[in-house]
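Here the structure is laid out as structure tokens; the discussion comes afterwards.
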Amino acid sequence: MVARVALDLILRREFDYFIPPQLEGQVLVGSRVKVPFGSRLILGSVTTLLPQSEHPNLKSINKVIGEHAHIPPKVFELARWISDYYCCPLDATLRSVLPEAVRQEEPGWKEQLVVTFVNEPTDAHELSVRMREILALLREKKSARLALFLKEAKTTSATLRKLEEAHLVRIAPEISERDPYANEVILPTQPLELNPEQKAAFEKIAASMEAKKSTSFLLHGVTGSGKTEIYLQAIARALERGQGAIVLVPEISLTPQTVERFKARFSSGPLQTLVAVLHSHLSAGERHDEWQKIRQNRARIVIGARSAIFAPVEKLGLIIVDEEHEHSYKQEESPRYHARDCAVMRGQLEGAVVVLGSATPSMESFFNAQSGKYTLLEMPTRVDDQKLPLVRVVDMRLEARHDKGQGVPIFSRVLRERILQRLEKGEQTILFLNRRGYASSLQCPKCGYVAGCPNCSVSLTYHRHNQKLICHICGHNSAAPTVCPEAKCRNPAIRYAGIGTERVEEALPKLFPKARIARMDSDALKRKDDFKRILGDFRTGKIDILLGTQMIAKGLHFPNVTLVGIIYADLTLHMPDFRAGERTFQLLTQVSGRAGRGDIEGEVVVQAFTPFHPAIQYARRHDYLGFYDQEIEFRQQLSYPPHGRVAMLTMRGRNEEKVSLCADHVRKELDATLGSAGQFIVAGPAPAPLLKAENFFRYQIMLRGRQMPKLSRYLQGFTERVKMPEDVLMTIDIDPVNLV
Ligand SMILES: [Zn+2]
Ligand SMILES: [Zn+2]
């Protein structure tokens, strides 16, 4: 027998090896193996088993690692699909599928010395009083981590070694699991009673599980409609059926609060199981242990960000993708997969039920629900009949005219008045602005100078706390000048334009001197537990006004928040992206949803310069369908998703002229060879909206059409055929979400 192996080296091809007789039966698809490559031994994953190879002089597999295949067969099939559909070599895809921490030859368990009580001394008088005390303490504890016990017993390891020689205690290494949530105290929760809407949705999901049908549901429930409770009860149903579950959550929403809700429900009782957590902030060791808990079937529930879709859950019965519209489900490096679409594919492969949940479904998913590919579940009301908040849109152009000569104020009169009311009543306010820093650009009104990033085609953001100009693309930073840097100008009256969260934070105490204010954005959160601490303070009422970026846009549930203010609603509206309207509608709806989660009705004040834009107006009326209907028309006219699929080819390099020439060449090749894979509209090449990023110039060619799998196959061949010069890189992004 022969095994085809994808090496960890990413050579964009696979190699054949003999399976020696002594390893027969141990080598499976998905197994990790050690194989000779050149003069070295290299690790890799088995991708195929073959009766023979077309290549002569095969070398033999040196070693199989672990007892089981590391990648379960269905996950392996998923990896193949990703590789084909997203035009990414299998070896590169497998690197995303199997975390670095579990790819090692030796299992990465952390061992710790543990001391255990073994025997009573036959003659206690032979021991010193001190030793008898130590022994008594250990007898009580039965066993303890050596390091901790030494401290507690105020003794030394030499003393303990003497007790060990007398066979009274044992000191031995034991595996200790790293648990990132070890210090949390979690109180168990019971299932809540479902209201009729929730019940109807849950029963359809449960019936599908019962019928063992791989159905994909789109659960469209307004903010506060109780989607999480449905997730929890559906998971419970899967566990009852002896199946496991995966819950995908956007990285930004994967807060301790979220994880706790899932752990609490399954921390005790007949369905008790470990809940493994996978996200990018785990240490390699923690990631290894979480992954192993799943592989060993001790954790039957996995909650995690994008890559958790590859978790090796056995008998997978349910996949939940919460906030399915979130762009962070798309990986922006190779393999450029979309975790939501992978979830649907894995559901089909495993015969599992998939639930995509959102208050603002992506155009793609709602389109799929309309066309019958997904089953639509609607929950249009909030639990306990709470009303959706009243949304008021303020025209900031009028505010500017009212504040004669002062320019545009940060706060409209309405928002100021509403915040004051909340402060008087002891209720809380959330203020949202999706731009960090103090000002979005530094300009000289005299000569027109704008401080730009030397590496990217964007202006630098002014951060006041450290007096720096920072590029939000590449991180370049320099000291903020106090006079115009133009040698001929030197104007001391340089101006900061465009407000960021820092500037709002500065303005707040002047307007509301008594308010307790906290800011939450990636600059303000310096330490690991800052996030938790600020949220804790907000929950317990120590903060009146919480100001933040999209970090506070979703998932937070604070009953005492009765006002949400959106400082600039149109920030995302004018991006050069066909999804700008959709993004804005989603963001406004999500942020507004933070208001009125308790007994008191909520209110939202939206400040905008284009108040009559449909995205803002439909969000004001909580009218998802209205938004969808007008948006889908525009998408159809231009063959944009979901009516067509998009593939984006990007050429990048340091020399703009060369990149542009290569892009022209690629276009010519496409025109000459696209042929029957065609019926695609080809646009470009054109400079990317953000032409230069991190010193690389980028040119794009966009293909739009219907038959994506066909185009994927064509593009795969295309990349192998069309050679780029060494300093120009071509990437293919299928179903891109980031077009900038
Ligand atoms: Zn100047
Ligand atoms: Zn930059």
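Please read these numbers as outputs of a predicted model, since none were measured by experiment. We count ligands from 1, going down the list as the structure has it; atoms in each ligand are counted the same way. Each residue takes its place number in the sequence, starting with 1.
- The Zn ion (ligand 2) does not have His476 among its coordinating residues (no N/O/S atom, backbone or side chain, under 2.8 Å).
- In summary, the aromatic rings of Tyr462 and Tyr496 are positioned with their centroids under 6.0 Å apart.
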Practice task
List the steps and the verdict of salt bridge (charged side-chain N to carboxylate O under 4.0 Å, His left out) for Glu582 and Arg635.
Solution key: CA-CA 11 Å; Glu582 185 183 359; Arg635 302 283 180 96; 2.8 Å; yes

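- Here the Zn ion (ligand 2) is the vertex; the SG atom in Cys471 and the SG atom in Cys474 give an angle of 110° (to 10°).
- Residue Cys453: an N/O/S atom is found under 2.8 Å from the Zn ion (ligand 2).
- Between Phe310 and Tyr337, the ring center distance clears the sub-6.0 Å criterion.
- Closest non-hydrogen pair, Lys692 versus Pro454, comes out as NZ-O, 2.7 Å.
- Centred on the Zn ion (ligand 1), the angle running from Cys489 (SG) to Cys444 (SG) is recorded as 110°, rounding to 10°.
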